[in-house]
Enquirer: 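Below are the structure tokens for one structure; questions will follow.
Note that ligands are numbered from 1 as they come in the structure, with each ligand's atoms numbered from 1 the same way. These figures come from a predicted structure and were not determined experimentally. Residue numbers count from 1 along this sequence.
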Amino acid sequence: MPDLIFSDPRLARIYDVFDGPRDDLALYTGIADEVGAASVLDIGCGTGCLAVLLAASGRSVVGVDPALASLEIARAKSSRVTWIHGDATTLPPLQVDLATMTGNVAQVFLGDDWELTLRGIRGALRPGGHLVFETRRPEARAWEGWAETTHRVLDGVEERRELLDVSLPFVSFRHTYRFPDGSVLASDSTLRFRSRDEIAESLVACGFEVVDVRDAPDRPGREFVFVAQTAGGLGVSAWPASTQ
Ligand SMILES: C[S@@+](CC[C@H](N)C(=O)[O-])C[C@H]1O[C@@H](n2cnc3c(N)ncnc32)[C@H](O)[C@@H]1O
């Protein structure tokens, strides 16, 4: 179940306002150009910011997310994207050139769902297709910057963010929103911080080769940006069971 911050209609409606300008997305449109991607799958597309950008540049784009409320916001932004309510484990064999996960989606997978997601993505890529995603570097200890409770008011909605627990590799926090009518909604989230080696190993185990690990230009030193490619051009069904 996605967190309320993504799946509650009132919270999904204010998500983009609180997320602010998306300076992070240029990296992904740049990589789409770099690998010559004509078709892209955006996993955990949320309110659709990247998918809409990619479709506007003429690419064929599929956005998938399990949070229906976020997907409804995305759907209202563009009819040029194919929006799918679900996740990477329920996709048809799309054969896309590139798959993306932005906004640290990779960290929402807390257990075996990470490997299941990677295998699902592999099944949706064409042979030789690429996967690019970011994840916060554990060494940068982002949670230390979240220790102080923050307050913001945007569009008349007050947001409070507080750190709940750090039990590495898991970090939990709560967002609480007070709306102008006095109603209050709270959403708890837990993220998993995986090391570079752990991610690389999981990619290889799920049938990818790691092509590159980059920095995110808008968050220097804080993120790993993994660029992977399907290994050996094998379809998932042909991948040896022992490595799945
Ligand atoms: C931080 S948001 C990022 C949204 C979007 N990628 C962006 O950059 O704005 C994380 C997203 O991951 C989605 N998510 C949660 N669980 C998921 C799963 N199992 N598979 C795919 N997406 C998931 C949430 O619904 C949410 O939209």
Enquirer: Show me which atoms of ligand 1 lie under 4.0 Å from any heavy atom of G103.
Expert: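 Close to G103: 1 (C), 8 (O).
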Enquirer: Can the ring centres of W143 and F173 be said to be less than 6.0 Å apart?
Expert: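 Ring centroids of W143 and F173 are no less than 6.0 Å from each other.
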Enquirer: Take the angle between the ring planes of W114 and F133 and call it parallel below 30°, perpendicular above 60°, tilted in between.
Expert: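 Correct class here is perpendicular.
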Enquirer: Determine whether the side chain, the backbone, both or neither of Y15 has a heavy atom under 4.0 Å from any heavy atom of ligand 1.
Expert: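 It is the side chain that gets close, since no backbone atom is under 4.0 Å.
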Enquirer: I would like to know whether R214 and D212 meet salt bridge (charged side-chain N to carboxylate O under 4.0 Å, His left out); could you show each step before the answer?
Expert: CA-CA 6 Å; R214 303 182 185 181; D212 202 2; 2.8 Å; yes
Enquirer: Below 4.0 angstrom from a heavy atom of A67, which ligand 1 atoms are there? Numbered from 1 as shown, please.
Expert: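 Atoms satisfying the 4.0 Å criterion: 25 (O).
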Enquirer: Heavy-atom distances under 4.0 Å are what count here, so tell me which part of T102 touches ligand 1: side chain, backbone, both or neither.
Expert: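 Both the backbone and the side chain of T102 come within reach of ligand 1.
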Enquirer: Heavy atoms only: which of F133, F6, W114 is nearest to atom 10 (C) of ligand 1?
Expert: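 Heavy atom nearest to atom 10 (C) of ligand 1 belongs to F6.
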Enquirer: For atom 4 (C) of ligand 1, which of the options A51, A74, G44 provides the nearest non-hydrogen atom?
Expert: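 Going through A51, A74, G44 one by one, G44 has the nearest heavy atom to atom 4 (C) of ligand 1.
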Enquirer: Mark the output for A88 as yes if a heavy-atom distance to ligand 1 is under 4.0 Å, and as no if none is.
Expert: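 It does not, in that no heavy atom of A88 comes within the 4.0 Å cut-off of ligand 1.
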Enquirer: Please tabulate, for side-chain N and O atoms in residues 163-170, each donor-acceptor pair with protein atoms closer than 3.5 Å (sequence neighbours left out).
Expert:
| residue | atom | partner | partner atom | Å |
| --- | --- | --- | --- | --- |
| D165 | OD2 | S167 | OG | 2.7 |

Enquirer: How far is atom 18 (C) of ligand 1 from the closest protein heavy atom, and which atom is that?
Expert: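 Answer, as residue, atom name and distance: F109 CE2, 3.4 Å.
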Enquirer: Passes salt bridge (charged side-chain N to carboxylate O under 4.0 Å, His left out), D33 versus R59? Steps please.
Expert: CA-CA 10 Å; D33 288 341; R59 294 179 170 92; 2.5 Å; yes
Enquirer: Could you list which atoms of ligand 1 come closer than 4.0 Å to a heavy atom of P2?
Expert: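 Numbered from 1, ligand 1 contributes 25 (O).
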Enquirer: Check each atom of ligand 1 against the heavy atoms of G46 and keep those under 4.0 Å away; list them by number with element.
Expert: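 The atoms of ligand 1 under 4.0 Å from a heavy atom of G46 are 4 (C), 27 (O).
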Enquirer: List, by chain and then residue number, the residues other than I73 in its hydrophobic cluster (Ile/Leu/Val/Met/Phe/Trp/Tyr, side-chain heavy atoms under 4.5 Å); write none if there are no others.
Expert: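 Joined to I73, directly or through intermediates: none.
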Enquirer: Is ligand 1 under 4.0 Å from a heavy atom in the side chain of C45, in the backbone, in both, or in neither?
Expert: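 Within the 4.0 Å criterion, C45 contacts ligand 1 through backbone atoms alone.
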Enquirer: Regarding D3 and R174, does a basic nitrogen lie under 4.0 Å from an acidic carboxylate oxygen?
Expert: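 No, this pair does not count.
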Enquirer: Only heavy atoms of D87, strictly under 4.0 Å: list the atoms of ligand 1 that pass.
Expert: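 Those atoms are 20 (N).
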Enquirer: In the protein, what heavy atom is nearest to atom 15 (C) of ligand 1, and what distance, to one decimal place, separates them?
Expert: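 Answer for atom 15 (C) of ligand 1: V108 CG2, 3.8 Å.
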Enquirer: Which protein heavy atom lies closest to atom 21 (C) of ligand 1, and at what distance to 0.1 Å?
Expert: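 The closest heavy atom on the protein side is P66 CD, 3.7 Å.
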Enquirer: Can you find an N or O of R22 that's nearer than 3.5 Å to an N or O of ligand 1?
Expert: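 Looking only at distances, the answer is yes, because the N/O contact criterion of under 3.5 Å is met.
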Enquirer: In terms of side-chain heavy atoms, does T190 have a donor or acceptor partner in S172 at a distance below 3.5 Å?
Expert: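 Present: a donor and an acceptor within the cut-off.
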Enquirer: Would R152 and F18 count as a cation-pi pair here, with the cationic atom under 6.0 angstrom from the ring centre and within 45° of the axis?
Expert: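 Pair R152/F18 does not count as cation-pi.
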Enquirer: Are the charged groups of R192 and E198 less than 4.0 angstrom apart, N to O?
Expert: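 Counted as a salt bridge, because a side-chain N and a carboxylate O are separated by less than 4.0 Å.
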Enquirer: Considering only the protein, which heavy-atom contact is closest to atom 13 (C) of ligand 1, and what is its distance?
Expert: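 Here the nearest protein heavy atom works out to D65 OD2, 3.5 Å.
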Enquirer: Give the residue and atom name of whichever protein heavy atom lies nearest to atom 12 (O) of ligand 1, and the separation in Å to one decimal.
Expert: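 Here the nearest protein heavy atom works out to V105 CG2, 3.8 Å.
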Enquirer: Please test K77 against D16 for salt bridge (charged side-chain N to carboxylate O under 4.0 Å, His left out), starting from the C-alpha separation and ending with a verdict.
Expert: CA-CA 12 Å; K77 289 181 185 172; D16 286 344; 2.6 Å; yes
